Structure formats: C-alpha cells, structure tokens
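Heads up, the thing below is written out as structure tokens.
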Amino acid sequence: MVVPESQGKMYHPPLELHRDAHVPDFSSYLVMYKRSLENPEAFWKEVADEFFWKKPATSPMLQYNFDVTKGNIFVKCMEGAKTNICYNVLDRHVREGNLGEKVAYYWEGNLPEHHTTITYGQLLSHSCRCANVLKQMGVKKGDRVSIYLPMIPELVYTVLACARIGAVHSVVFAGFSSESLCERIMDAKSSVLVTADGVYRGDKLINLKEISDEALEKCVEKGASSVARCLVIKHQALRTKTGASCNRLQTPWDSERDVWWDEAMSDSSEECEPEWLDAEDPLFILYTSGSTGKPKGVVHTVAGYLLYTFLTFKYVFDYQHHDVYWCTADIGWITGHSYIIYGPLANGATSVLFEGIPVHPHVGRFWEIIERYKVTKFYTAPTAIRLLMKYGQEPLQKYDLSSLRILGTVGEPINPEAWQWFYEVVGQSMCPVVDTFWQTETGGHVLTPLPAATPLKPGSATFPFFGVEPTILNEHGEEVEGEAEGYLVFRKPWPGIMRTVYENHERFENTYFKKFPGFYVTGDGGRRDKDGYFWITGRIDDMLNVSGHLLSTAEVEAALTLHPAVSEAAVVSRPHTVKGESLYCFVSLKDCKEFDKKMADELKRLVREKIGPIATPDFIQNAPALPKTRSGKIMRRILRQIARNEKDLGDLSTLADPKVVEVLFSQRSEATA
Ligand code: WT7
C-alpha cells in the first residue's frame, strides 16, 4: 500500500485537521498499521497500559486459532488479566482523571423540551446504585440480564451496572416484538428483565411493559420461566406528550415479579465494589439475524472489547477532549454499544444521547440538536441521510452547524448522492466523512478512513483499521491480489472480534470459519480498486439490509408460513430509495385460499408481530408457484429480478418449470404495497 494518488475524485482532509490529529497523515497511518500487524504484542500492550488492571495478563495480548482444520476456533486477549470495564470507563475518570464534573451525556428526549445532563460522577453513582439493585434481585456474576429499554439514561446505567457486577447484559432493541423479545430472553436464560412502562416514539406511544408482559407469558407457555424479576422504569409517565403525569395503575403489574425502578433505587447505596473479572469473561450478548433464521447471540468479552472500542473511537473520530460527539444509533444495536456507551466513555468523551426520531416534532430536529449542543463529531446512518435529503436544504439553513468537524456513517453502503449531500450540505465541504464498515461480530470498525489521514472516495470504507488484515477470496477460496472482487474475509483476529455464539460454538465455527478455513468470513462481498481502496458490494448470503439493520430472508419466510393459508414463501430484496433495501415477498397459498388485500395485510401484521416493525414487508405478491430447480431449490436470483421488474432473465434452463416465471411477471402488478 502506498500513499494514494488522486485517481478519480478524491476528497482530502482539511488542513486544519492535521495539526492536532492523533493520526495526522496517510504516511503515519501506514507506519502505525505496519507496526500493528508486525508487532501486535507491543501495539496492543501500549493500548492496554491506558487502563487499570487488578492483575496483569499472564499470557500474550492475542492468542488464536482461525483455522477449523487445525482444531476449535478461539480468540483470547490478555488471558489471565483481571479488570472491570465499568471501573475503567467511569471510576478511572472520576478518581484518577478528575472528570467527575465533566458531562458524559446530554440526554435529549423525544420532545425538545425534555433534556437533562449527566456528568461522569452522576453516571458512576447511578450505575453503582443500579448494580446494588440488581444484586438485591439475586443477580450474580455470569447471570444474564435482558434489557428492553428506550434511549434513556437508565439504559446506560443498567448496562454499566451489569458490567460492574459481572452480569452479562443482553440488550434487546425496544422496537422488537414480544415474540422476538421472548426468543432472546429464552436463548440467554436471563433471570431479570429491565424495561420501562412506555415511551413515545414521535407521536406514537409504545407500551413497553405490556409487550414485556406478553413476552414473559410466552416464555412461560414455552416452558421457560427463567425471569424471576422485572425492573420497571417509570418513563412514559414522566414524559407524556402533554407533560401530564399518568396513573401508575394503568401499567399492568405482577406484584410478585415486578419492581419499580425509582423505589428500588431510592434506598440503594452508591457504593459498589466492582467484580474483578477475567479478561476473557463475557461482557454481553447481542443478537443478530442469522441466515438460517434463528438469531445468533453474539458474545463479546471484557478486555478485548474495551481495548478495541477505545482505540477505534479515539482514532476514527479523532477524539479530542473538548468534543461533543453524537451517534444517532440506538443502543439496542452494536453501534450503540460500541460507540454510544463503551468507546466514548473509555475515552472520557461527552456524547449526546437522543431518544427521539429525526423528523419529530419537525424535520430539522437533527440540525437543532447539533446547534443546541455544538456537536463536533456526528455519526449516523445512510438511511437517515436519505430520509433527511428529501426535505432539501431549507431545514438546515435555520441552524448553525459550524461546530461540526467530522461526519461518519455506518450500517450499509452509502450511495454517492447521499455521500455528496452529507459532505456538502451538512458538512459544508469542510468535514471528512468516515464511512465505517463493521458488524455486530467485529465489535468495532474494521474498514474505515481516519479523518485527518485518509483521502476519501465516496462510497468506499477505504482501508483497514490497526491490527485488521482484510483480503479478498475467489469462489475457490484463493486470495486474489490487486484490483479484484470476491468474498471479504479477515486473516487474523483483532481484540474486539466476537468469541462465540452464545451456547452454540459450533454455529459460530460453521457460520464464520467453515467456508474458507483460515479466515473469518464476513458474509459481505468486497472489491479492492487499483488504489487499494476497499468497497463493500453487499451481502453474499440470504441477508437483507433494511435501514442499516440486517434481516434474514429465512426469518421473514418463517413468519409468513406461520399463516394457516400460506404453503410456501420466498423473500427477496428490492432496492428502496430511503431504506436501502426493502422486503419483496412471494407467497404461495394453500388450495382454495384467495389472495386479496386483506390477506396481504394479515401477512404484514403477522411479520410485524413475530419480528418487529423493521421487518414489515413492502410488497407481497401471490405466487401460484415459485421458480425452482429440478432439485427443488428456489431460484432467488430470478425472484429478485421479478421484484425489480428486470425482464432480461438470462438462462432459465435449470428451472423445473420455466412457465412459472411468466405467470409471476404477469401478476406482478397485483403485488400489494
Ligand atoms: C452488516 C453488519 C456495524 C453496525 C451496524 C450494522 C453492513 C455495515 C457498512 C458500511 C457497507 C456496511 C454489512 C455488514 N454494513 N456498515 N460502512 N458499508 N456495508 O451491524 O447489523 O451486524 O450488520 O452491515 O453488510 O456485514 P450489523
């Protein structure tokens, strides 16, 4: 790799950024990158030295086996060391760094009138009190706690409380259905659920406690009753649309099981000795869609995740102590875990924590927040950018966005129009856009520009982060050099990579390591251009990316076939101008069943109930038959082309019955949107 020459349009970092940057230019990046690969031991040891270790490591910084043919896959970072991540992201700053009074979060509610500030000192004291509440409820080291909460400070307190006592947190995005919540509680066998009475998302009230109760009932019906206690935050009651307080009794209540947060917290001590954990003890489980349907419980561990989220946050956003950083993701996803909680806190940063949505109560909400808190680093998703682009420049012109220095995107490939708009309109052509490629599994950024160092090409996640060695393989698993396209894989681990699928190590090995022994397989296609830049070409498995969230077609198909009238379903992706991709579903009905609008609506409702609103199908088309090979495999390539109305289907000779295709094309217009 050499310093890239300008071939085609490149965007160079603004001069003023070089001066104080941690990685001031591309040659520094190259030197550091080389060192991180050639001497990972020294590289990561230096990072570890920033933190507090109750006991130092007794083995190398990284040990691993990435080759299934040589035995079980494992990754270990700093084995033998003892530490606590909550101590490192809070106590260390308050006690040693004198940051007790520094703002950790500016919390901004669903409405602009609702906001509050939380300092590092307060964050520590609330987290300790919550830790004691959890202990009181019987939670011990290694126990799992499911957390089903909106973007409120209590969510952060609860996550850090778990980390403090060594409990494994499993945050479930509060937009998931009761069915999805039940599935995740059962898989993790959590003993406590933390939720809230309800939350307003825009104008819509979501009754979280009711959904939680339904989920817990379902767990019992399915023979699992691990959840002994449910801790409930009174949130909606405090922040109804009108500000009027609502009657607590409206919240369904089981006095044996349910406990109000404020009552439990009020007489809980703010002293809580952290549990000193092994470096490789689990920190959390976070579920992500799997191509076989059932979500996978991705497990991250204490020390490696701390080092990696700390370092990626510091370098990718070029963190400076006066920054006000804002990541618009939800903590229910990995982006929120790594870049709202752990990465920023490990650096002692000030962040905005936003509960609401981009267009409520007005379409300038994001810009209003940037002005209000003088946000310097702003990290969001291409889908949000595309949504806001639709309203033009006018909503931005009312606000002062001159505080912005660095912009970032995550979740899906960013299309050039959205990139240009983000760069020119939001960043006034003065802020680099870091397009960060990573996954729930990778724990942190793996391909990303560094803002003062990397010349940008819109749509490219550019180069690997320190310690990360990507390569591209062809269909036969051979590495392809130079300009090439194929499977994006990684040759060796970095500290923040996942360790296993919760209680299913075999699935971990099969999913990520079986296909090409010796490599971690991302599931994404990748291309390297002549300048060495990496481009993500999209998923190569049966996964879809809707608004930056991965969904498996199998999971949606499984939900559709639960309907008694459906005999078979096949789901494919169709491009969508705001969401990136959308769901186009083909359903075959059982004999004598009629397909009509009512049926389509029922099916949509079913998918929402089973998975959640993000999985709502955009189109449902009746399919008297599906295109299949002679061996009975559904040919999704053809369905994708029908969904996109691409008439040139190429070779259909492998189809058992090519006439099926004509029928599907002729009925395409009847698909209900
Ligand atoms: C998948 C991972 C990482 C946090 C959010 C999603 C896609 C993610 C990019 C990007 C192109 C991207 C990939 C990846 N993806 N970031 N910058 N450019 N594609 O986490 O739900 O685990 O999804 O999101 O397909 O594999 P996730």
Side-chain angles (χ1 to χ4, degrees), residues 106-115 150-152 173-176 198-206 208 235-236 239-243 325-333 335-336 340 351-375 378-401 403-404 407-412 414-415 417-428 433 545-549 575-583 608 612-616 618 673:
Y106 290 114
W107 179 77
E108 168 97 4
N110 183 53
L111 287 177
E113 302 86 278
H114 294 142
H115 49 90
M151 288 284 285
I152 53 178
F173 172 58
F176 273 125
V199 66
Y200 274 94
R201 221 189 284 286
D203 273 334
K204 204 166 146 230
L205 176 64
I206 301 166
L208 296 171
H235 173 62
Q236 176 266 326
R239 308 186 202 286
T240 52
K241 256 183 87 185
T242 55
Y325 159 86
W326 181 22
C327 165
T328 65
D330 192 288
I331 291 171
W333 310 108
T335 308
I340 295 178
S351 301
V352 175
L353 183 65
F354 178 45
E355 177 185 51
I357 56 172
V359 292
H360 184 82
H362 57 82
V363 300
R365 190 72 196 279
F366 271 17
W367 324 125
E368 180 182 66
I369 293 174
I370 291 174
E371 177 186 271
R372 175 180 270 186
Y373 300 105
K374 299 194 172 45
V375 171
F378 178 55
Y379 192 31
T380 192
T383 183
I385 299 168
R386 289 192 295 261
L387 171 73
L388 294 168
M389 265 169 82
K390 291 203 305 193
Y391 302 102
Q393 303 198 12
E394 202 219 356
L396 288 97
Q397 283 157 354
K398 297 193 191 130
Y399 301 98
D400 176 8
L401 306 185
S403 56
L404 289 172
L407 304 174
T409 69
V410 58
E412 58 184 306
I414 181 162
N415 49 309
E417 303 86 285
W419 196 98
Q420 286 313 337
W421 193 82
F422 200 33
Y423 182 77
E424 284 163 16
V425 179
V426 180
Q428 296 293 301
V433 175
N545 193 322
V546 177
S547 300
H549 304 307
H576 186 281
T577 50
V578 173
K579 298 193 279 190
E581 292 182 65
S582 63
L583 292 151
R608 287 173 71 96
I614 49 166
T616 309
D618 290 79

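In this text, all values refer to a predicted model and were calculated from it rather than measured experimentally. Below, each value reflects all heavy atoms present in this structure, side chains not excepted, and no hydrogens, waters or symmetry copies.
In this structure, N545 contributes its side chain and G411 its backbone to a donor-acceptor pair below 3.5 Å. In terms of modelled atom types and a separation under 3.5 Å, the side chain of R365 and the main chain of H360 share a donor-acceptor contact. Looking only at distances, a side-chain donor or acceptor of E371 sits under 3.5 Å from a matching main-chain atom of D400.
Judged as a ring pair (Phe, Tyr, Trp, His ring centres under 6.0 Å), and not counting sequence neighbours, the contacts of W333 are F173, F176, H549. Applying the ring pair (Phe, Tyr, Trp, His ring centres under 6.0 Å) rule to F366 yields the partners W326, F378; only residues at least two apart in sequence or on another chain are considered. Looking at residues two or more places apart in sequence or on another chain, you find a ring pair (Phe, Tyr, Trp, His ring centres under 6.0 Å) between Y373 and Y106. In this structure Q420 satisfies the side-chain hydrogen bond (donor to acceptor under 3.5 Å, both in side chains) test together with Y11, sequence neighbours excluded. For Y379, the side-chain hydrogen bond (donor to acceptor under 3.5 Å, both in side chains) partners two or more places apart in sequence, or in a different chain, are T436, W438, H445.
Nearest heavy atoms, G336 versus A329: N-CB, 4.2 Å.
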For a quick test of your reading: what N or O donor-acceptor pairs under 3.5 Å do the side chains of residues 380-397 make, sequence neighbours left out?
from: T380; atom 1: OG1; to: T328; atom 2: OG1; distance (Å): 2.8
from: T383; atom 1: OG1; to: S547; atom 2: OG; distance (Å): 3.4
from: T383; atom 1: OG1; to: V578; atom 2: O; distance (Å): 2.9
from: R386; atom 1: NE; to: T577; atom 2: O; distance (Å): 3.1
from: R386; atom 1: NE; to: V578; atom 2: O; distance (Å): 2.9
from: R386; atom 1: NH1; to: N415; atom 2: OD1; distance (Å): 3.1
from: R386; atom 1: NH2; to: E412; atom 2: OE1; distance (Å): 3.0
from: R386; atom 1: NH2; to: E412; atom 2: OE2; distance (Å): 3.3
from: R386; atom 1: NH2; to: V578; atom 2: O; distance (Å): 2.9

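D618 and K579 are joined by a salt bridge, as a carboxylate oxygen and a charged side-chain nitrogen come within less than 4.0 angstrom of each other. Taking 4.0 Å as the cut-off between side-chain N and carboxylate O, E355 and R201 do not count as a salt-bridged pair.
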